[in-house]
*Asks:* 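Quick one: this structure, given as structure tokens, is what I'll be asking you about.
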Amino acid sequence: MAALSVPVLSFPHHPKVPNSSTVNNDLRFPYYPLLSLIDQCTSLNQLKQIHARMLRTGLFFDPFSASKLITVSALSSFSSLDYARLVFDQIPQPNLYSWNTLIRAYASSSDPVRGIFVFLLLLDRCRESPNKFTFPFVIKAASELKASQVGRGFHGMVMKSSLASDVFILNSLVHFYGSCGDLDSAYRVFRNIPRKDVVSWNSMIKAFVQGDCPDEAFQLFREMEMENVKPNDVTMVGVLSACGKKADIEFGRWLCSYIQRNGIAVNLTLNNAMLDMYVKCGSIEDAKELFDTMPEKDVVSWTTMLDGYTRMGDYDEAQRVFEAMPNEDIAAWNVRISSYEQNGKPKEALAVFHKLQVSKSAKPDEVTLVSSLSACSQLGAIDPGRWIHVYIKRQGFKLNCHLTTSLIDMYAKCGDLEKALEVFYSVERKDVYVWSAMIAGLAMHGRGRDAIDYFSEMLKAKVKPNAVTFTNILCACSHSGLVEEGTGLFHQMEPVYGVVPGVKHYACMVDMLGRSGRLQEALEFIEKMPIAPTASIWGALLGACRLHGNVELAEHACSKLLELDPRNHGAYVLLSNIYAKTDKWDQVSRLRKVMRDSGIKKEPGCSSIEVNGIVHEFLVGDNSHPLCKDIYKKLDEIAAKLKVIGYVPNKSHLLQFVEEEDMKEQALNLHSEKLAIAFGLISTVPSQPIRVVKNLRVCGDCHSVAKLISKVYEREILLRDRYRFHHFKGGHCSCMDYW
DNA sequence: GTAGGGTTAG
């Protein structure tokens with residue numbers, strides 16, 4: 001142990017012999033002072049020195065002493081699991097304590113699966129059987145991994161052993177089943193715990209909260225009181241969280257006073273839980289008041305406040321909170337990114353992501369990437385999306401199901417279905433969300449048949465479809481006119497797959513029937529629905545009426561829709577389009593007056609196009625773009641070229657715009673999607689497809705024009721509208737004009 | 001000498 005560059009410990013030399021008359025002949029304790037030094041270690045290097053000394057003195061081969069070394073290397077503040085493992089592997093016959101310590105350390109590490117491997121090794125190599133300490137550790141590893149089969153196996157082993165009524169182990173199992181989302185099993189274990197303690201109750205309450213059953217959590221809280229088990233701070237954290245889910249501020253306030261009245265110790269975590277409850281119940285005032293009086297705050301407190309302000313849409317105050325935060329935790333960045341992304345401000349979300357990159361104050365994590373990818377999807381911005389994909393690869397992020405789903409969604413919504421499929425096939429583990437995202441991607445691109453095939457593949461892979469899967473597959477059938485197939489699947493939902501159809505599924509069915517011209521059937525379907533039709537149901541019927549020019553039914557659907565949602569501008573626009581299509585001009589102007597009088601405005605059509613990573617936005621008749629002259633010149637050229645090949649503008653689409661001030665700008669030529677396409681033609685190379693995203697449904701005339709442009713200019717155009725993709729190539733569109 | 005339950009971001 002010559003050159004040591006670290007603070008060197010002064011080793012006690014040989015233990016002092018107290019006095020010659022009472023010589024300590026007990027050879028079990030000759031090096032005891034060295035052992036007590038282990039506890040005083042403050043760095044790994046010091047520990048290594050002791051380890052070396054232990055090897056030299058032979059103390060290392062005393063199982064008790066070796067276990068002490070394991071404990072410190074695996075669990076201290078300066079611990080190194082890899083070092084602990086090296087030490088462990090050198091011990092000839094580790095005792096059960098050492099095994100347990102290693103499993104414990106792995107279970108709470110970033111790689112809990114190693115805890116399970118060590119457990120298996122233990123079964124094979126250790127003379128002793130796992131004990132009441134082993135199981136809580138290894139079950140915790142299974143919970144972390146949500147390894148439901150493995151955990152179930154541990155449960156079986158426990159039941160066969162003499163530990164079947166150990167409350168610690170049973171509590172661990174409740175927690176385990178809760179984290180796997182298996183509430184039934186969690187509850188079964190809970191009910192069978194012979195002497196429940198407060199942790200048993202807390203674990204089950206938490207399981208209910210996690211499993212989105214806040215009412216059951218409250219119920220258990222009451223039952224616990226009746227059984228005279230005193231709730232503690234952890235109980236309250238769980239119940240407050242349930243309260244946030246219910247957004248029940250009254251009950252939340254009652255819980256806060258309950259905490260006071262019962263003298264439950266309030267620590268930082270409990271304060272944070274109260275803060276979170278106030279925020280989720282929409283009372284930022286209560287949250288602020290509590291926050292200002294909290295004696296101690298951590299990154300969770302700050303992040304919760306930040307979340308509170310963004311929920312209220314108060315981005316300025318959120319910005320102030322963010323700037324006041326003592327350190328820029330990644331969670332805080334994530335709140336900002338996802339709040340923009342979820343409130344329809346994807347550009348702002350990506351701007352924050354960019355700032356994070358520049359500032360380097362925190363390292364993006366999986367949540368950051370998922371939210372940012374979703375922002376790219378919304379924008380249809382494939383360049384930043386690709387950049388993030390490369391980033392994921394370079395940083396060595398494991399493609400878990402969350403990230404895979406986001407990547408598939410991003411590529412599909414940015415028009416690159418092939419790349420989405422590539423990602424899909426590149427991963428081995430596909431959960432129901434990954435499959436559903438792929439089915440949605442196929443649906444969006446008009447590949448309904450393929451979507452159905454993927455759905456069957458998914459069933460073969462033993463993945464159980466959920467409500468999202470059915471929304472996507474029904475949407476696929478609807479977009480591709482596969483009425484028989486869609487109807488068949490719809491009727492199988494509940495009896496075969498146990499998924500109760502929701503309003504979205506009914507809306508898909510109305511859309512599917514209506515689109516294919518079976519309007520009367522669609523109406524009957526609505527009338528027979530077991531749930532009350534919502535605005536979206538009538539909206540789907542109205543859309544179908546527009547497609548097939550059925551004025552009478554349209555008026556009925558529209559009046560129903562406006563009963564439910566009086567300010568739905570879409571309804572007015574659709575109805576006025578139907579009137580225009582059927583030459584009912586007096587009705588068009590009547591509707592226009594109603595809209596004007598009630599101050600209902602049409603959502604302005606807006607198309608965006610991404611060129612070299614920059615997103616350009618166009619409104620109808622937009623003059624604000626720096627290259628606007630060139631764009632209009634190009635539009636004239638297009639108009640001339642198309643005229644030559646016999647194109648006649650379809651004037652009925654003019655009447656999408658019912659407001660007077662829009663009248664001047666109504667020329668079809670000035671629709672936002674045409675402006676964006678023209679800009680794409682002058683600013684990108686011919687080999688590059690033109691990618692346009694429109695916020696509304698694409699206009700019929702623009703659809704015809706885009707088809708012709710794709711032929712005349714030999715350019716691929718990818719146009720995403722509110723509902724689907726249109727892939728124009730050689731004069732045809734991927735939607736086969738069924739949209 | 002070992003244990004189980006807790007707050008934020010998708």
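This one's a predicted model, so the numbers in the text were calculated from it and none came from an experiment. Residue numbers start from 1 in every chain, and the chains themselves are labelled A, B, ... in the order their sequence lines are given, proteins ahead of strands.
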*Asks:* Among A:F190, A:F221, A:F208, which residue satisfies the ring pair (Phe, Tyr, Trp, His ring centres under 6.0 Å) criterion with A:W201?
*Replies:*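 Among A:F190, A:F221, A:F208, the one meeting ring pair (Phe, Tyr, Trp, His ring centres under 6.0 Å) with A:W201 is A:F190.
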*Asks:* Would you say B:dG5 has OP1 or OP2 under 4.0 Å from some side-chain N or O of A:K206?
*Replies:*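 For B:dG5, neither OP1 nor OP2 has a side-chain N or O of A:K206 closer than 4.0 Å.
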*Asks:* With a 3.5 Å cut-off and heavy atoms only, can you find an N or O donor on one side and an acceptor on the other between the side chain of A:S67 and the base of B:dG1?
*Replies:*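 By the distance-only test, yes, there is a pair.
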*Asks:* Expressed as a whole number of angstroms, how long is the span from A:K132:NZ to B:dT2:P?
*Replies:*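 Interatomic distance, NZ of A:K132 to P of B:dT2: 10 Å.
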*Asks:* Counting heavy atoms from C-beta on, name the nucleotide in B:dG1, B:dT2, B:dG10 closest to the side chain of A:F64.
*Replies:*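 Looking only at heavy atoms from C-beta outward on A:F64, the closest nucleotide is B:dG1.
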*Asks:* Any side-chain N or O of A:K68 below 4.0 angstrom from OP1/OP2 of B:dT2?
*Replies:*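 For B:dT2, neither OP1 nor OP2 has a side-chain N or O of A:K68 closer than 4.0 Å.
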*Asks:* Could you work out which one of B:dA3, B:dT2, B:dG6 sits closest to the side chain of A:N100?
*Replies:*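 When the side chain of A:N100 is considered, B:dT2 is the closest of B:dA3, B:dT2, B:dG6.
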*Asks:* By nearest atom, which of the nucleotides B:dA3, B:dT8, B:dG10 is closest to the A:S338 side chain?
*Replies:*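 Looking only at side-chain atoms, A:S338 lies closest to B:dG10.
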*Asks:* Could you tell me the separation between the CG atom of A:D307 and the P atom of B:dG10, rounded to a whole number of Å?
*Replies:*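 To the nearest whole Å, that distance equals 7 Å.
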*Asks:* Measure OH/A:Y106 against C1'/B:dT2 and give the value in whole Å, please.
*Replies:*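 About 18 Å, once rounded to whole Å.
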*Asks:* Using only atom types and a distance under 3.5 Å, with no angle test, would you say the side chain of A:N232 pairs donor to acceptor with the backbone of A:V234?
*Replies:*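 The answer is yes, because a donor-acceptor pair under 3.5 Å joins these two groups.
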*Asks:* So what does A:T269 touch, heavy atoms closer than 4.0 Å: a base, only the sugar-phosphate, or nothing?
*Replies:*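 Base contact.
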*Asks:* Using a heavy-atom cut-off of 4.0 Å across all strands, would you classify A:K280 as base, sugar-phosphate, or nothing?
*Replies:*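 Touches sugar-phosphate only.
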*Asks:* For A:F424, does the six-membered ring have the charged nitrogen or CZ of A:K430 within the cation-pi criterion, i.e. under 6.0 angstrom from the centroid and within 45° of the normal?
*Replies:*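 Flagged: A:K430 positioned over aromatic ring of A:F424.
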*Asks:* Go through B:dT8, B:dG1, B:dG6 for me and flag the one nearest to the A:N95 side chain.
*Replies:*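 Selected nucleotide: B:dG1.
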*Asks:* Distance check needed: B:dG10 P versus A:Y433 OH, whole Å only.
*Replies:*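 Whole-Å distance recorded here is 14 Å.
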*Asks:* May I ask whether A:F133 stacks on the base of B:dA3, given the cut-offs of 5.5 Å between ring centres and 30° between planes?
*Replies:*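 Given the distance and angle limits, no, they do not stack.
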*Asks:* Calculate the interatomic distance between A:I388 atom CD1 and B:dG10 atom P; express it in whole Å.
*Replies:*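 Taking atom P of B:dG10 as the reference, CD1 of A:I388 is at 16 Å.
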*Asks:* Could a donor-acceptor pair under 3.5 angstrom be found where the side chain of A:N267 meets the base of B:dG6?
*Replies:*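 When only heavy-atom distances are counted, A:N267 does reach the base of B:dG6 through a donor-acceptor pair under 3.5 Å.
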*Asks:* Would you call the rings of A:Y340 and A:Y315 parallel, tilted or perpendicular, where under 30° means parallel and over 60° means perpendicular?
*Replies:*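 Rings of A:Y340 and A:Y315: parallel, as their planes differ by under 30°.
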*Asks:* Say whether, by atom type as modelled, one donor and one acceptor occur between the side chain of A:S372 and the main chain of A:L369 under 3.5 angstrom.
*Replies:*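 Pair absent, no side-chain N/O of A:S372 close to backbone of A:L369.
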*Asks:* Within the structure shown, what part of the strands sits under 4.0 Å from A:D276 by heavy-atom distance: base, sugar-phosphate, or nothing?
*Replies:*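 Here A:D276 touches the backbone only, sparing every base.
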*Asks:* Does a side-chain N or O from A:R336 land closer than 4.0 Å to OP1 or OP2 of B:dA9, or not?
*Replies:*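 A:R336 to B:dA9 OP1/OP2: no side-chain N or O under 4.0 Å.
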*Asks:* Using a cut-off of 4.0 Å on non-hydrogen atoms, how would the nucleic acid contact of A:D365 be classed: base, sugar-phosphate, or nothing?
*Replies:*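 Since a base atom lies under 4.0 Å of A:D365, the category is base.
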*Asks:* When you get a sec, tell me which of B:dA9, B:dA3, B:dG5 is the closest nucleotide to the side chain of A:R104?
*Replies:*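 Nearest nucleotide to the side chain: B:dA3.
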*Asks:* Give a yes or no on whether the ring-centroid distance for A:W333 and A:F353 is below 6.0 angstrom.
*Replies:*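 Between A:W333 and A:F353, the centre distance exceeds or equals 6.0 Å.
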*Asks:* What's A:D329 touching, base or sugar-phosphate or nothing? Going by heavy atoms closer than 4.0 Å.
*Replies:*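 Here A:D329 touches no strand at all.
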*Asks:* So what does A:N271 hit on the nucleic acid, given a heavy-atom distance under 4.0 Å: a base, only sugar-phosphate, or nothing?
*Replies:*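 A:N271: no heavy atom of the nucleic acid under 4.0 Å.
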*Asks:* Select one nucleotide: of B:dA9, B:dG5, B:dG6, the one nearest the side-chain heavy atoms of A:D233.
*Replies:*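 Looking only at side-chain atoms, A:D233 lies closest to B:dG6.
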*Asks:* Could you check which of B:dT7, B:dA3, B:dG5 has an atom nearest any side-chain atom of A:P136?
*Replies:*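 Of the candidates, B:dA3 comes closest.
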*Asks:* What nucleotide among B:dG6, B:dT8, B:dA9 has an atom nearest to a side-chain atom of A:R311?
*Replies:*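 Nearest listed nucleotide: B:dA9.
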*Asks:* Ignoring hydrogens and angles, are the base of B:dG10 and the side chain of A:N334 linked by a donor-acceptor pair under 3.5 Å?
*Replies:*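 For A:N334, whose side chain was compared with the base of B:dG10, there is no donor-acceptor pair (under 3.5 Å).
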*Asks:* B:dG6 P sits how many Å from A:M224 CE, rounded?
*Replies:*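 A:M224 atom CE is separated from B:dG6 atom P by 14 Å.
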*Asks:* Output the rounded distance in Å from CG (A:L96) to C1' (B:dA3).
*Replies:*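 Rounding to the nearest Å, CG of A:L96 and C1' of B:dA3 are 13 Å apart.
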*Asks:* Touch check for A:H175, heavy atoms < 4.0 angstrom, all strands: base, sugar-phosphate only, or nothing?
*Replies:*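 Sugar-phosphate contact only - A:H175 comes under 4.0 Å of backbone atoms but never of a base.
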*Asks:* Between A:Y411 and A:H389, is the ring centre distance below 6.0 Å?
*Replies:*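 Yes - the distance between ring centres of A:Y411 and A:H389 falls below the 6.0 Å cut-off.
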*Asks:* Of the nucleotides B:dT2, B:dT7, B:dG5, which has the atom closest to the A:A273 side chain?
*Replies:*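 Closest of the options to the side chain of A:A273: B:dT7.
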*Asks:* Nearest-Å distance, NZ (A:K245) to P (B:dT7)?
*Replies:*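 In whole Å, B:dT7 P lies 9 Å from A:K245 NZ.
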